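Below is one structure, written out as structure tokens; the observations come after it.
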Protein chains: 2
Amino acid sequence: MAVAVDLVIFTVRDGRLHVLLIERGNMPHRGEAALPGGFVRDGEALDATARRELREETGVVGDTLHLEQLHAYGAPERDPRGRIVSIAYLALGPDLPTPKAGTDAAAAHWTPVSSILHGQVTLAFDHEQILRDGLERARSQLEHTTIAAAFCKEPFTIADLRQIYEAVWGVPLDPSNFRRKVMKTDGFVVPIGERRLPEVGRPAGLFRRGPAETLTPPLMRSGNVGLR
Amino acid sequence: MAVAVDLVIFTVRDGRLHVLLIERGNMPHRGEAALPGGFVRDGEALDATARRELREETGVVGDTLHLEQLHAYGAPERDPRGRIVSIAYLALGPDLPTPKAGTDAAAAHWTPVSSILHGQVTLAFDHEQILRDGLERARSQLEHTTIAAAFCKEPFTIADLRQIYEAVWGVPLDPSNFRRKVMKTDGFVVPIGERRLPEVGRPAGLFRRGPAETLTPPLMRSGNVGLR
DNA sequence: CCAAAAGTGTTGGCTATACACCCATGC
DNA sequence: GCATGGGTGTATAGCCAACACTTTTGG
């Protein structure tokens, strides 16, 4: 029985949620889109496999990224090569560099999540289910934790942070309430005392990530409308 | 590489949270306390393994129990027999029958969770970490979902349900506010129009589980005091 | 060169809701 | 003694309005 790790890597580019997909270079499903991933090596912890694959696929040192285990998928028929149990990981990061092709991947692309949810892109194996689970986890994490800041390159503005929420949840948020909530949550963001010169509009205050990790009470989303 | 399933089975007995532990009948850790579990068989889905082990260890048909995947544990040195990745499952149920010994278990007992957290009972492998993760998941689930009702034998009173929360969270709740919250949440519980004759005090209304699954807004716990 | 408009960020107020805390009543 | 119900103050979300600061446009 083989154990693999698959990665759901999210980022937000120009206001839309994207996921990193590879074009499979080997059989099965050669040429189809799939989540990046690979097998766990002897003596390698699951988290280590995830970080290694992350590095191999995106070239990003995992320490700067949020990475958490998502779910284990083990349906007997999920992989035609045989019995493969896959541990899925969720990774969140700021607009990452254009990924390079990995060992098993012919090419890697940032793909809008909405295009997969709307059926314009189909994924190999059970990867669409994994993606949906990852999206739901990310949405939930935004409610209860401060990981939204992990999507932002520092320094960032409150509006940048709000756009993360809007992109992941697919709903517009009230700028006023959002700002109040973020500022009142101790340690969510810390001001650096500078302002961003805008192309248009009033200059926005700049912030860094704070030490806080949990949001109590949570930042609630009324309803899920979907992704733009 | 072997894949196993371990179970964190919780129930509430006389106001305290209990977990099902076995006394290991085989090496390694023979004679020590551990979570019930076993290896995934060929062609068997992960959930099926969990339900089978649940049945073998407790004699309970899994359909009546809440069962969900918790986390995958895969540290290279977690099992001296070799590389074993374990998928942990969380099961919640009403005061279950005294379990019978399973294949790999010399004996099975309901053990107060507090006795493990306070160091009076130690668990084999990394099972204490799994238990802690399961407890945290259960506490979180009580906030956001209606699974607390899964702990109650039907029919139950509002006070029964409240005792579940108090046992899992380890904090007392205001009976008045709790009642309002539960009654206002559409589909959490449905009255059956009868009353339970009490040993002392006013008779309490009886209820069954409703169709609702999520709690919006969540039922919040102010802080974690611990387990009694 | 100056004035107005447009766009974005920031601040504040109002109202409905939910909850914590306390008290009253029924059985 | 416990279940049930109500009442009040506080905190917060949703909604709305005003203001601040900048760039662009038009004379």
Side-chain angles (χ1 to χ4, degrees), chain A residues 14-15 142-144 148 152 155-167 169 171-186 188-207 212 214-225, chain B residues 14-15 142-144 146 152 155-167 169 171-186 188-207 212 214-225:
Chain A
D14 25 85
L142 256 58
E143 282 188 89
H144 306 291
C152 295
F156 53 87
T157 69
I158 300 290
D160 292 337
L161 193 60
R162 179 165 47 82
Q163 282 176 15
I164 301 296
Y165 278 87
E166 294 179 334
W169 285 354
V171 294
L173 295 180
D174 182 89
S176 172
N177 289 330
F178 183 82
R179 181 187 183 78
R180 262 203 301 251
K181 179 77 183 182
V182 171
M183 300 296 276
K184 194 184 297 185
T185 302
D186 219 44
F188 194 167
V189 297
V190 292
I192 65 174
E194 299 173 23
R195 295 178 164 272
R196 171 174 296 174
L197 290 181
E199 298 179 1
V200 59
R202 174 175 173 175
L206 288 171
F207 298 83
T214 59
L215 283 170
T216 50
L219 219 165
M220 299 224 265
R221 45 176 165 156
S222 336
N224 280 353
V225 185
Chain B
D14 22 88
L142 255 57
E143 282 188 90
H144 306 291
T146 61
C152 295
F156 54 87
T157 69
I158 300 291
D160 292 337
L161 192 62
R162 179 166 46 84
Q163 281 177 15
I164 301 297
Y165 278 87
E166 294 179 334
W169 284 354
V171 294
L173 296 180
D174 183 274
S176 176
N177 291 332
F178 182 81
R179 179 187 184 79
R180 262 203 297 254
K181 177 75 183 179
V182 171
M183 300 296 275
K184 194 187 295 185
T185 303
D186 218 46
F188 194 169
V189 297
V190 292
I192 66 174
E194 298 173 24
R195 295 180 165 272
R196 172 175 296 174
L197 292 180
E199 298 179 1
V200 59
R202 176 174 171 176
L206 288 172
F207 298 83
T214 58
L215 254 47
T216 48
L219 220 165
M220 299 224 266
R221 46 177 165 154
S222 336
N224 281 352
V225 184

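Keep in mind it's a predicted model, so treat the numbers as computed, not measured. A note on names: the letters A, B, ... follow the listed sequences, proteins ahead of strands, and every chain is numbered from 1.
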Min side-chain heavy-atom separation A/Phe156-A/Val189 under 4.5 Å
yes
D/dG14 phosphate, OP1 or OP2: any side-chain N/O from A/Arg180 under 4.0 angstrom?
no
For B/Arg162, report the nucleic acid contact type (base, sugar-phosphate, nothing); a contact means any heavy atom under 4.0 Å.
sugar-phosphate
On the nucleotide C/dA20, are OP1 or OP2 found under 4.0 Å from the side-chain N or O atoms that B/Asn177 carries?
yes
Calculate the interatomic distance between B/Leu173 atom CG and C/dC19 atom P; express it in whole Å.
12 Å
Rounded distance (Å) that lies between atom P of D/dA13 and atom CH2 of A/Trp169
11 Å
Any A/Pro217 side-chain heavy atom under 4.5 Å of A/His144 side chain:
no
side-chain N/O B/Lys181 vs C/dC19 OP1/OP2, d < 4.0 Å
yes
So, taking the atom named CD in B/Glu143 and the one named CG in B/Leu215, what distance separates them when rounded to the nearest 0.5 Å?
9.5 Å
Less than 4.0 angstrom from a charged side-chain N to a carboxylate O is my criterion; do B/Arg196 and B/Asp160 meet it?
yes
Mapping A/Asp160 and B/Pro217 onto DNA chain C by nearest heavy atom, which one lands closer to the 5' end?
A/Asp160
Sugar-phosphate, base or nothing in reach of B/Thr157, heavy atoms under 4.0 Å
nothing
Take B/Leu206 and A/Gly201, find for each the nucleotide of DNA chain D with the closest heavy atom, and name the residue whose nucleotide sits nearer the 5' end.
B/Leu206
Can you tell me the distance, in whole Å, between the NZ atom of B/Lys184 and the C1' atom of C/dC19?
9 Å
When the distance from CD1 of B/Ile158 to C1' of D/dT4 is rounded to whole Å, what number comes out?
11 Å
Please state how far atom CZ in A/Phe156 lies from atom P in C/dG9, giving the value in whole angstrom units.
15 Å
Quick note, B/Ser176 side chain, CB onward, closest among D/dG6, D/dC21, D/dC2 is D/dG6
Whole angstroms only, please: what is the CZ-P distance between A/Arg202 and D/dA18?
17 Å
A/Met183 CE to D/dA13 C1', in whole Å, measures 18 Å
Tell me whether the OP1 or OP2 atom of D/dG5 has a side-chain N or O from B/Arg179 closer than 4.0 Å.
yes
Any chance you could measure A/Ile164, atom CD1, to A/Leu142, atom CG, to the nearest 0.5 Å?
8.0 Å
Taking atom P of C/dC22 as reference, at what distance in whole Å does atom CG of B/Asp174 sit?
9 Å
